[in-house]
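Here the structure comes first, spelled out in structure tokens, and everything after it is commentary.
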There are 4 protein chains.
Amino acid sequence: MNTNAVDANHLRAFLERIERLEEEKRAIADDIKEVYAEAKGTGYDTKIIRKIVSIRRQDAQKRAEEEEILELYLSALGVE
Amino acid sequence: MNTNAVDANHLRAFLERIERLEEEKRAIADDIKEVYAEAKGTGYDTKIIRKIVSIRRQDAQKRAEEEEILELYLSALGVE
Amino acid sequence: MNTNAVDANHLRAFLERIERLEEEKRAIADDIKEVYAEAKGTGYDTKIIRKIVSIRRQDAQKRAEEEEILELYLSALGVE
Amino acid sequence: MNTNAVDANHLRAFLERIERLEEEKRAIADDIKEVYAEAKGTGYDTKIIRKIVSIRRQDAQKRAEEEEILELYLSALGVE
DNA sequence: TCAGATAAAATCGCGC
DNA sequence: GCGCGATTTTATCTGA
């Protein structure tokens, strides 16, 4: 088996891993859609739920960034 | 426990399911990034791999659509 | 002057407007870079400044989203 | 007013300049979006317009690079 | 089914 | 030159 064949197999392995993961990701996206559909069927306004989820996500991000900048401040002050 | 409280719990349950799923989705997205990083470390050009993945995804969609239309034809012909 | 020629002129006008605006945008991006460079020259850590800017931007976005969801709530309650 | 206060004011000034510029940049980005919307309303396919803009931008870059290399040649020949 | 909004992927550009 | 963040482009999704 020559080098190109080996490379091809190697590349193929990467492609398969990626495509496998992307499929899983798509499946989860579908699950999320289903939850929204279920919530809607229960009488909730999905637009509001999406907004709440979005705000909570931003909270988490903001908290993470604030911790990060605290690290930067401490590091800048030589407190490491 | 009044109705609003019940609703709040119900809503909370939906939020938790969604956020749990979104976290899983993010984790998988990170895994994908890692695979690309590993491929890059092995000497592959990630831009090319992305192109290949994208093309194969399109192929898969095309195949699915063609099967779908074949079903439609067969169904129209009463061959179901 | 036929229709195609008219269309071509119309399209050309759109292209010119877009390209003019993009040039302005690029100029402003350069200005921002210069401010960072100046701040760095004054002894500031640009990484920290970027982080502060980012956090403040998120604050603004979050505030906007919270107002938006308040509207949604009020609207859902029939208080419009 | 102690040194920290002075620094704080200095930093604040940088932040304000940056945020002012970023706001202008965002405004221009919005203008661009509006032009695309207008073009779409006039019946143009924005995807195609984006492609044209992109190609023309590449042409411009190419031309700039060619001029640059011409300068280098001339300079190497002592024709400055 | 379509436009408009939202989110994801790809690309670009910067600082280190 | 590489990672990383921002931007931009593409794809997906929802509600009318």
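In what follows, chains are A, B, ... by sequence order, proteins preceding strands, each numbered from 1. When reading the values below, keep in mind they use all heavy atoms of this one structure, side chains included, and skip hydrogens, waters and symmetry mates.
- For E:dT11, the OP1/OP2 oxygens have no side-chain nitrogen or oxygen of D:Gln58 closer than 4.0 Å.
- The pair B:Glu66-B:Lys62 meets the salt-bridge criterion, with a side-chain N (NZ, NE, NH1 or NH2) lying under 4.0 Å from an Asp/Glu carboxylate O.
- With E:dA9, F:dA6, F:dG3 as the candidates, the nucleotide lying closest to the side chain of B:Lys40 is F:dG3.
- Taking atom CD1 of C:Ile49 as the reference point, atom P of E:dC16 lies 11 Å away to the nearest angstrom.
- Note on D:Lys25: only backbone sugar-phosphate atoms sit closer than 4.0 angstrom, heavy atoms only; bases stay farther off.
- Taking 4.0 angstrom as the limit, D:Arg50 places a side-chain polar atom (N or O) nearer than this to OP1 or OP2 of F:dT9.
- For C:Glu34 and E:dG15, the CD to P distance is 12 Å, given to the nearest whole Å.
- When the nearest nucleotides of DNA chain F are assigned to D:Lys47 and C:Lys51 by heavy-atom distance, the more 5′-ward of the two goes with C:Lys51.
- Electrostatic pairing of D:Arg57 and C:Glu19 does not count as a salt bridge here, judged by no charged N lying under 4.0 Å from a carboxylate O.
- Spacing between atom CD of D:Gln61 and atom P of E:dT11 amounts to 15 Å, rounded to whole angstrom units.
- Nearest-nucleotide positions on DNA chain F for C:Glu22 and B:Arg57 put C:Glu22 closer to the 5' end.
- Using a 4.0 Å heavy-atom cutoff across all strands shown, C:Thr46 reaches sugar-phosphate atoms only and no base atom.
- Computed from coordinates, the B:Arg26 CZ to E:dA9 C1' distance equals 17 Å when rounded to whole Å.
- Taking atom CG of residue A:Asp30 and atom P of nucleotide E:dA7, one finds them 16 Å apart after rounding to whole Å.
- The residue from C:Glu68, C:Gln61, C:Glu65 that alone fulfils the side chain to side chain donor-acceptor pair (under 3.5 Å) condition with A:Ser54 is C:Glu65.
- Here F:dA6 presents its P atom at 12 Å from CD1 of C:Ile32, a figure rounded to the nearest Å.
- Of the two residues near DNA chain E, C:Asp45 and C:Glu68, the one whose nearest nucleotide lies more 5' is C:Glu68.
- Summarising the local packing, CD of C:Glu23 is surrounded by 12 or fewer heavy atoms from other residues, nucleotides or ligands at distances under 6.0 Å.
- Of the candidates C:Ile52, C:Asp59, C:Val53, C:Ile55 forms a side chain to side chain contact (heavy atoms under 4.5 Å, CB included) with just one, namely C:Asp59.
- Protein atom CD of C:Glu65 is 14 Å distant from nucleotide atom P of E:dA5, rounded to whole Å.
- Here the P atom of nucleotide E:dA3 and the OH atom of D:Tyr36 are 18 Å apart, to the nearest Å.
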